[in-house]
2 protein chains.
Amino acid sequence: MTRRSYDQFCGLARALDLVGERWTLLLVRDLSVGPQRYSDLLAGLPGIGSGLLAERLKQLEADGIVRKAHLPPPAAVSVYELTEEGHELALAMLPLAVWGARRIGDRDGRLFRADWLMLTLRSRFRPDRAEGVRDTYELHVDGEVVHVRVHDGRIEGQRGPAPAPADVTIRTDPETLLALGVGTLALDEVLGDRRLSVEGSDEALARCLAVLGS
Amino acid sequence: MTRRSYDQFCGLARALDLVGERWTLLLVRDLSVGPQRYSDLLAGLPGIGSGLLAERLKQLEADGIVRKAHLPPPAAVSVYELTEEGHELALAMLPLAVWGARRIGDRDGRLFRADWLMLTLRSRFRPDRAEGVRDTYELHVDGEVVHVRVHDGRIEGQRGPAPAPADVTIRTDPETLLALGVGTLALDEVLGDRRLSVEGSDEALARCLAVLGS
DNA sequence: CGGAATCCTCTTCGATACTG
DNA sequence: CAGTATCGAAGAGGATTCCG
């Protein structure tokens, strides 16, 4: 059970030794939005197979990238979550995700989950424009809801609807949102379009645009 | 010969479909320093196996990341080089390389090549401090020589010694240089140290430090 | 039912040998 | 030198079983 290694004194080779195997980075992606249970991870990655998921999680745990946490009763379930190192990794793989998003082509029947867009959304975040902003933006895409909270110059995504009424609510489709995320489409180009609809005060919308770099 | 795909409408999954297989990103790394012949690539990646190298190159070529070029006579050899897309990829994988470099531990007998440090070196480059700088820095590490040229606010690495006398020449060992590259060690900490020696005018050295973010 | 370990088949990898 | 061909070994995928 000794893991294969490139055995090179090189940062990239080392990173690939740790997280270069099949499924590993996608696991980190899914956990980067928030803790997940084993069965949620399994369901969220069609094709992985239970044994492989268990093995990958064990590796990530051994490497200090993922940690198992137990939610207090009455929930009393155990979840997997990223460690601090894991969150640094999630940040480091962002440019790769953006590179891929620019070459993604048409949807073409591929699986889609709204929380994957957290990645591209995070990549457009401009901390320098977020000073003093404390907003919640809700996103409806393809029947799913996610929201992001901006506060203290940071951005944080979550699955599901916002706990309190959102400052801005955006409804759109995966293709449009992805194009916005990678910058091949500007938000003003689709504002009056049927591909996208927006709710919220003009002020909040202006902040949203600024913070997300449009 | 149909390639396996995650089949997800997600930038990261798409990137991994394209370059997530074993050896692929290391190939891109090696080509990011300059064109290479088939046999050089093979020799530079111990363990890859000739068949796999040929297949990966074919895939990368089909995806527009790598291109085959024929050098004019009398050299008359064919080499592989990155396309524009390939160079964008090389840039996008940099943060991952830095993340890995911070977790690389001790050398411990692992293979090392000086040109791999081009990656971490590039990651420390500060274009904003490079205005008007037109320098060449030569690096001697572990018996190998590489050099970087800074001009027009850009940085470019090459294997081998600098064509003209370098403005700054640095001699050090892999561990020290990697630590400098990821920022766990500051250059002034080792300047008077036996781990590192420097040649060049004080002015050139000051520019070198500024441009490489020390 | 969540969280795996096991078994079996198929694909991919790694190493060497071979060819234009 | 630039690749193909071949083949045993390792890894992946899917279903089933086990355990609390």
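A quick note: this is a predicted structure, and the numbers were derived from the prediction, not measured. Residue numbering restarts at 1 for every chain, and letters A, B, ... go by the order of the sequence lines.
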Between [N] ([atom2]) and [X] ([atom1]): distance, integer Å:
X       : N      : atom1 : atom2 : result
A:Lys58 : C:dG3  : NZ    : C1'   : 10 Å
B:Gln59 : C:dT12 : CD    : C1'   : 11 Å
B:Asp40 : D:dG3  : CG    : C1'   : 14 Å
B:Leu42 : D:dT4  : CG    : C1'   : 13 Å
A:Gln36 : C:dG2  : CD    : C1'   : 14 Å
A:Tyr38 : D:dG20 : OH    : P     : 17 Å
B:His70 : D:dC1  : NE2   : C1'   : 14 Å
A:Leu57 : C:dG3  : CG    : C1'   : 10 Å

Q: To the nearest 0.5 Å, tell me how far A:Asp135 CG sits from A:His147 NE2.
A: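 Output value for this atom pair is 12.5 Å.
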
(Q) Does any part of the side chain of B:Trp116, heavy atoms only, come nearer than 4.5 Å to the side chain of A:Leu12, both counted from C-beta? (A) no

Q) Are any non-hydrogen side-chain atoms of A:Ile48 and A:Leu26 less than 4.5 angstrom apart? A)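 Not touching, per the 4.5 Å side-chain cut-off.
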
Between [Y] and [X], is there a salt bridge with N-O shorter than 4.0 Å?
X        : Y        : value
B:Arg159 : B:Glu144 : no
B:Glu88  : A:Arg102 : no
B:Arg113 : B:Asp115 : yes
B:Asp142 : B:Arg107 : yes

Q: Consider the side chain of A:Arg37, meaning its heavy atoms from C-beta on, and name the nucleotide among C:dA5, D:dT4, C:dG2 that approaches it most closely.
A: C:dG2

Q) From the list C:dA4, D:dT4, D:dC1, which nucleotide is the closest neighbour of the side chain of A:Lys68? A) C:dA4

Q | Residue pair A:Tyr38 / A:Ser50, side-chain donor-acceptor N/O under 3.5 Å | A | yes

Using the 3.5 Å cut-off, write out each protein N or O paired with an N or O of nucleotides 8-14 of chain D and the distance between them.
{"from": "D:dA12", "atom 1": "OP1", "to": "A:Arg56", "atom 2": "NH2", "distance (Å)": "2.6"}
{"from": "D:dA12", "atom 1": "OP2", "to": "A:Arg56", "atom 2": "NH2", "distance (Å)": "3.3"}
{"from": "D:dA12", "atom 1": "O3'", "to": "B:Arg4", "atom 2": "NH1", "distance (Å)": "2.9"}
{"from": "D:dG13", "atom 1": "OP1", "to": "A:Arg22", "atom 2": "NE", "distance (Å)": "2.6"}
{"from": "D:dG13", "atom 1": "OP1", "to": "A:Arg22", "atom 2": "NH2", "distance (Å)": "3.1"}
{"from": "D:dG13", "atom 1": "OP1", "to": "B:Arg4", "atom 2": "NH1", "distance (Å)": "3.4"}
{"from": "D:dG13", "atom 1": "OP2", "to": "A:Trp23", "atom 2": "NE1", "distance (Å)": "2.6"}
{"from": "D:dG14", "atom 1": "OP2", "to": "A:Gly47", "atom 2": "O", "distance (Å)": "3.2"}

Q | DNA chain C base-pair string [pairs: Watson-Crick or G-U under 3.5 Å; |: paired with another strand] | A | |||||||||||||||||||.

Q: Please determine if a side-chain N or O atom of B:Tyr80 lies less than 4.0 Å away from the OP1 or OP2 oxygen of D:dG3.
A: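 The answer is yes; a side-chain N or O of B:Tyr80 sits under 4.0 Å from OP1 or OP2.
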
**Q.** Axial cation check for A:Tyr6 ring with B:Arg22, 6.0 Å and 45° limits
**A.** yes

